[in-house]
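This report refers to the structure that appears directly beneath it.
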Amino acid sequence: MPPIPTTQMERNLLLFSLPPGERGRLAPHAEVVALTRGDVLFEPGDDVTSVVFPLDGTVVTLVVSLEEGRTIETATVGREGALGGVVSEGFLPAFNRAVVQMGGTAVRVGAAEMQSVKRVSLPVRNAMVRYADCLLAQVVQSVACNAAHPIERRCARWLLTLHDRLDSDVLPVTQDLLAEMLGVRRTYLSGILNRLHERGLVEIARARITVRDRRALEAASCECHRRVQEHFSLVLGATYARDGTLVSLDPEGAPGPLLTRRALLA
């Protein structure tokens, strides 16, 4: 398999954060794959045999399916991250489902090949470990949010999380999908969205929701979105544009683990 063009790998912020030479170590083992909305990358119990890096415009959600039939979102991954054998050597059973919400392309690397590169590349290993920590933070915060915060604030958080990962104010998401991710009925969600619309925060149309006032939407959200953003900044050196979009990562330039949070924010 010939190496993929580095310009393709650069469309994922985690891969782009790597020094060119280290990114080049992965290129011979990488391939670009097309993902369609609704594709399931893995189910609970499946062996995880590859690491998938969504490219710009592609979004994958980690969800937990309950016996009663509901599914609950635990993390959203776009061009900033990866899914699969992020830390492990792969071939371990998946705990939840990874489903494509916004179709597009992704870079896929075999888990065994990724592990081989991590053994010889400190920058790759550092980036993946730091990202895994941020992904876990997102999952943990999502659990707390789902348990403690009202649906309107959770809805605002989910829209902000998606907005962070797309270079557009137009979010190609249906109300059915959003209701499924939040674990509520569509009719109930419609009332929430209508209230956000009446306040000028969003505009609702068929199969899309447009963010009209990002700052007001942040104020309508709970603290969960902000806390995850802060963790990405501290651990992965994440930089956000003025509109809130995540634009770059710098794991090598992120603060060292011995610095305290108070020192970082001083």
Side-chain angles (χ1 to χ4, degrees), residues 35-39 54 56-66 68-81 99-104 138-139 141-232 238 240-247:
L35 302 178
T36 302
R37 182 179 179 275
D39 285 351
D56 48 335
T58 306
V59 176
V60 182
T61 302
L62 295 176
V63 299
V64 173
S65 299
L66 304 177
E68 64 192 49
R70 292 193 301 162
T71 58
I72 305 296
E73 171 263 352
T74 59
T76 299
V77 180
R79 60 180 181 174
E80 85 294 343
V99 58
V100 178
Q101 301 297 358
M102 311 297 163
Q138 188 184 168
V139 171
Q141 195 67 48
S142 178
V143 171
C145 186
N146 290 336
H149 293 144
I151 182 61
E152 185 164 329
R153 289 188 177 274
R154 289 170 50 208
C155 179
R157 175 189 65 84
W158 200 93
L159 294 174
L160 288 168
T161 299
L162 187 56
H163 190 243
D164 290 347
R165 289 154 177 77
L166 298 176
D167 191 20
S168 172
D169 290 335
V170 180
L171 311 180
V173 58
T174 65
Q175 293 190 40
D176 286 335
L177 171 61
L178 183 53
E180 181 181 359
M181 292 300 99
L182 294 173
V184 299
R185 295 183 181 276
R186 185 189 184 283
T187 52
Y188 185 53
L189 175 69
S190 294
I192 300 295
L193 290 175
N194 286 334
R195 288 196 289 273
L196 294 176
H197 171 73
E198 291 169 359
R199 294 164 57 187
L201 279 60
V202 300
E203 182 176 310
I204 307 167
R206 181 178 177 82
R208 68 177 185 272
I209 299 172
T210 303
V211 176
R212 289 303 183 197
D213 191 333
R214 165 82 187 205
R215 292 197 175 186
L217 193 61
E218 290 174 345
S221 174
C222 51
E223 75 271 18
C224 296
H225 175 261
R226 173 182 51 77
R227 293 189 64 180
V228 171
Q229 275 194 326
E230 289 176 352
H231 198 69
F232 266 79
Y240 294 86
R242 293 187 64 182
D243 65 356
T245 303
L246 181 58
V247 294

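If you're wondering where the values come from, they're calculated on a predicted model, not measured in any experiment.
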Distance check, rounded to the nearest 0.5 Å: Thr210 atom OG1 versus His197 atom NE2? 11.0 Å

Taking C-beta and beyond as the side chain, do Gln141 and Cys224 meet within less than 4.5 Å on heavy atoms? yes

Checking Ser190 side chain against Arg186 main chain: does a donor-acceptor pair fall under 3.5 Å? yes

Is there a side-chain contact between Arg165 and Leu246 in this structure, where contact means two heavy atoms from C-beta onward sitting under 4.5 Å apart? no

Looking at Arg157 and Glu152, is any side-chain nitrogen of the basic one under 4.0 Å from a carboxylate oxygen of the acidic one? no

Exceeds 12 heavy-atom contacts within 6.0 angstrom, atom CZ of Arg227: no

Contact summary for Ala179 and Leu189, nearest pair of heavy atoms: N-CD2, 3.3 Å

Tell me whether the count of non-hydrogen atoms from other residues, nucleotides or ligands lying under 6.0 Å of NE2 in His149 goes above 12. yes

Write down the atom of Leu193, the atom of Val202, and the distance for their closest heavy-atom approach. O-CG2, 4.2 Å

So Leu159 and Leu171, do their side chains get closer than 4.5 Å, heavy atoms only? yes

Do Asp169 and Arg212 have side chains that get closer than 4.5 Å, going by heavy atoms? no

Once you round to the nearest 0.5 Å, how far does OH of Tyr188 lie from CG of Leu182? 10.5 Å

State the CD-CD distance between Gln101 and Glu180, to the nearest 0.5 angstrom. 7.0 Å

Between Asn146 and Val143, is there a donor-acceptor pair closer than 3.5 Å when you use the side chain of the first and the backbone of the second? no

Do side-chain atoms of Glu230 reach the backbone of Val228 as a donor and acceptor pair under 3.5 angstrom? no

Do other residues, nucleotides or ligands put more than 12 heavy atoms under 6.0 Å from Tyr240 OH? yes

List the steps and the verdict of side chain to side chain contact (heavy atoms under 4.5 Å, CB included) for Ile204 and Gln175. CA-CA 9 Å; Ile204 307 167; Gln175 293 190 40; 3.4 Å; yes

Can you check side chain to side chain contact (heavy atoms under 4.5 Å, CB included) on Val173 and Leu162, steps first, answer last? CA-CA 9 Å; Val173 58; Leu162 187 56; 4.3 Å; yes

Go through it in stages, so that I can follow the logic: the residues are Val77 and Val59, the test is side chain to side chain contact (heavy atoms under 4.5 Å, CB included), and I'd like the CA-CA distance, side-chain angles, deciding distance and then a yes or no. CA-CA 6 Å; Val77 180; Val59 176; over 6 Å; no

Please confirm whether the backbone N or O of Val170 pairs with a side-chain atom of Ser168, one donor and one acceptor, at under 3.5 Å? yes

Between atom CD of Gln229 and atom OG1 of Thr161, what is the distance when rounded to the nearest 0.5 Å? 8.0 Å

I need the minimum non-hydrogen distance between Ala75 and Val139, along with the two atoms involved. CB-CG2, 3.8 Å

Any chance you could measure Arg185, atom CZ, to Ile151, atom CD1, to the nearest 0.5 Å? 13.5 Å

Of all heavy-atom pairs linking Gly200 and Asp213, the shortest is O-CB, 3.7 Å

d(Met181 CE, Leu178 CG) to nearest 0.5 Å is 9.0 Å

Is a side-chain donor or acceptor of Arg208 paired with a backbone partner of Pro172 at a separation under 3.5 angstrom? no

Would you call Thr76 and Asp164 a side-chain contact if the rule is heavy atoms closer than 4.5 Å? no

Shortest non-hydrogen contact from Leu160 toward Ser221: CD1-CB, 3.7 Å

Within the 4.5 Å heavy-atom criterion, are Leu62 and Glu73 side-chain neighbours or not? no

Any side-chain heavy atom of Asp56 within less than 4.5 Å of one from Arg79? yes

Between Asp176 and Thr174, do the side chains contain an N or O donor and an N or O acceptor separated by less than 3.5 Å? no

Heavy-atom pair with the smallest gap, counting every atom of Cys155 and Leu196: SG-CD1, 4.2 Å

Dump the intermediate steps for side chain to side chain contact (heavy atoms under 4.5 Å, CB included) on Phe232 and Glu80, then the final yes or no. CA-CA 10 Å; Phe232 266 79; Glu80 85 294 343; 4.0 Å; yes

Any side-chain heavy-atom pair of Val60 and Val99 under 4.5 Å: no

